[in-house]
Amino acid sequence: MTVADQYNVTEDEIRFGRSDEERLYQALFDYWHPVAYSSQLGEDKPISATLLDEQIVLVRLDGEVRAFRDLCVHRGTALSLGWVEDESLRCAYHGWKYGPDGMCTEIPSRFGTRIPKRARLTRYAAAEAAGLIWVCMSGEPRFPLPEFPYRDDPGFKVIEVPSYDWNCSMPRRIENYVDFAHFAWVHDGVLGDRDQPEVPDHGIGRVGHELRFDHPHMAEPADSGKNKGLESDGRPVDVQIDYRLFMPNTILLDQSIPELDQRYLLFFTVCPTGRKTSRCFTFMGRDYSLDHETDRDMLDFNALVIGQDLPIVQSQRPEELPMDLSAEVQIKGSDRVAVEYRRWLKELAYST
Ligand code: FES
Ligand code: CO
């Protein structure tokens, strides 16, 4: 056995040391990540998802979501091809049956009932919250699940945006979502104005497991799809936007208009499917214009914005967000959120 095998590291890591980005990727095993919308998982069929380069199977057994490695210990078949039977998961290949704890309870091809002890699945911590299924691979999440206020408020309408996959790391995707300086350039006329590109300084701080900051007062086109349904009669309104970034992968944007007593929320969370790949989940919520037409307008608007971001973010190199602040050039004030996010990620990378 080589030294590399013994310590589960690569030869390069022994020669050059483990990079911050490699450490962060390892550390992510200790946090909750979104893997699917709750609405995607029915009662009778399991589904597969990918988290941190591992294929997992999600299934509802005994009224709870369970997550296992998507691999039958008999012959390595994907259990997501199987089905639910008697509150157990049946493998599609030879019909082995696994209970809610992952223990094999039935091997149909054998005479007798003895089950080998090793016939059990690798199980992960799973939870259902905020309309999503969350998994923590280490089984001991360091931070609690993110909060989604108003979601169950009867006066509030929440729509689910189809999930999408990008070829970028989870932190690059998250950072892009809270990067104020790009609105005027990438989203000119949509979220920003190229003639007024300055980002005023704004407050930011840590509260528990969150980074909290508000939106600097920047010009935003009044007739953009985002604000279309507002009952403002076209008058300019004073908008207050607060952000909560639940470390390391979830953003809640809370836009309120005190004058009109109206609220708009974006809940955005990103699954690190691999080191350089992400799956993004979004809910859009509001307590005004609750009709279907506004749903469609909002989805179209969201599609427009992410379509503008896509080529930019997928082009960024290195694909993994550099946590060493000297690796890229930071601008005081306008890059403040990114700087604080990178700092905190680095702490997470070294706190395992
Ligand atoms: Fe699953 Fe044989 S591979 S039962
Ligand atoms: Co953008």
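Each ligand, and each atom within it, is numbered from 1 in the order the structure gives.
Applying the side chain to side chain donor-acceptor pair (under 3.5 Å) rule to Thr50 yields no partners; only residues at least two apart in sequence or on another chain are considered. Considering only residues two or more places apart in sequence or on other chains, Arg123 meets the salt bridge (charged side-chain N to carboxylate O under 4.0 Å, His left out) condition with none of them.
The number of heavy atoms from other shown groups lying within 6.0 Å of NZ (Lys276) does not exceed 12. Summarising the local packing, OH of Tyr164 is surrounded by more than 12 heavy atoms from other residues, nucleotides or ligands at distances under 6.0 Å.
Looking at heavy atoms from C-beta onward, Pro258 lies out of side-chain contact with Asp261 at the 4.5 angstrom threshold. The closest side-chain heavy-atom distance from Asp20 to Tyr25 is not below 4.5 Å.
Tally of protein N, O or S atoms closer to the Co ion (ligand 2) than 2.8 Å: 4.
Defined by atom type and a distance below 3.5 Å, a donor-acceptor pair is present between the side-chain atoms of Asp309 and His182.
In this structure, Arg60 does not pair ionically with Asp44, as no charged nitrogen and carboxylate oxygen lie closer than 4.0 Å.
Around atom 2 (Fe) of ligand 1, the protein N, O or S atoms found under 2.8 Å comprise His74 ND1, His94 ND1.
Geometrically, Arg90 does not engage Trp96 in a cation-pi contact, judged by NZ or CZ lying under 6.0 Å from the ring centre and within 45° of the ring axis.
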